[in-house]
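Please read the structure below before turning to the comments.
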Amino acid sequence: MDYKVVRHILAGDSVEYIATAHKDSGFYAEDLPDTLVIHYTALGSLESAVSTLRDPNVKASAHLVIGRDGRIAQLIPFNKIAWHAGQSEWRGRTGMNKYSIGIEIDNAGKLSKSGDIYKTWYGGLIPPEDVYYGPHRNELSPAYWHAYTEKQIICVFEVCQVLRDKYGISTIVGHEEISPGRKIDPGPAFPLDKLRTQLLEDRSTDAPISHPEAPDSILNNGRKRGIVTASSLNFRAAPKYHAEPICAPLARDTTVTILKEEKGWYQVHVSQTGWVKKEYIKIID
Ligand SMILES: [Zn+2]
């Protein structure tokens, strides 16, 4: 698919512009937006998402909604602020709407299973072939999620690439990362890390893992310290999502001593020793 941006509107075969009044004036700096925030709609269709985001009673919106068949609705020009992120924080910035383009992907979200039936939160049924099973980055146990379609994922990657080139996007985050504890979209069924690697690989200063891989020996000898950047960070017995938490989650701004690093995890010491996801620790010395 060939997309381009003309006067802050996406152009392409399967793109439709349907305006919503739910927006603020333009970004306050010329180099903004510089961030993409990825969401799922938690609804049943592109149409229902678009009508919700235009409903005068719903104070929410996004720049784009991407359907399961690859159709795209744009609701707000990319140079205006949409209302998608809510209370949010990323790398010292708060209120991420004023820095970002919001992309909603048509997906029902987390599912509940009873027998062989998978149900959405609104009571819809999802066939087993459209179910993804896996752990969320912010949660302990694996769960069932509505799978994204291949067409939709390709479409998101292409659109994000066009936006990166047009606006100099340097950061791509999931809603679940900027509002952890409050939001779980786009969830583990969406290849968010792959999107980041593919689009921002050579711009690693703003990539989610901000510090270069330090060899274990340096971390061990230097005893670096870091602070927790998530509102609540699981503290586990081993460097795995499935590992048991060893005590209550660590609160934001807790200072930890980093003992070693292993595949995206840090072994840290607070009052005991355990493992935390590396991307939620900011090195302070
Ligand atoms: Zn969201």
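Here the structure is a predicted model, which is why all the values come from computation and not from measurement. In listed order, ligands and their atoms are each counted from 1.
Within His175, the N/O/S atom positioned nearest the Zn ion (ligand 1) carries the name ND1. Shortest distance from the Zn ion (ligand 1) to His39 is reached at ND1 (N/O/S atoms only).
At least one N/O/S atom of Asp185, from backbone or side chain, sits under 2.8 Å from the Zn ion (ligand 1). Within the 2.8 Å limit, His84 places no N, O or S atom next to the Zn ion (ligand 1).
Taking the six-membered ring for Trp and thresholds of 30 and 60 degrees, Phe27 and His63 have nearly parallel ring planes, at less than 30 degrees apart.
With hydrogens and angles left out, the side-chain atoms of Asn234 and Tyr280 include no donor and acceptor closer than 3.5 Å.
With respect to Tyr133, the ring pair (Phe, Tyr, Trp, His ring centres under 6.0 Å) criterion is satisfied by exactly one of Trp145, Tyr118, Tyr144: Tyr144.
At a threshold of 4.0 Å, the pair Asp69-Arg71 counts as salt-bridged, since one of the basic side-chain nitrogens sits closer than that to a carboxylate oxygen.
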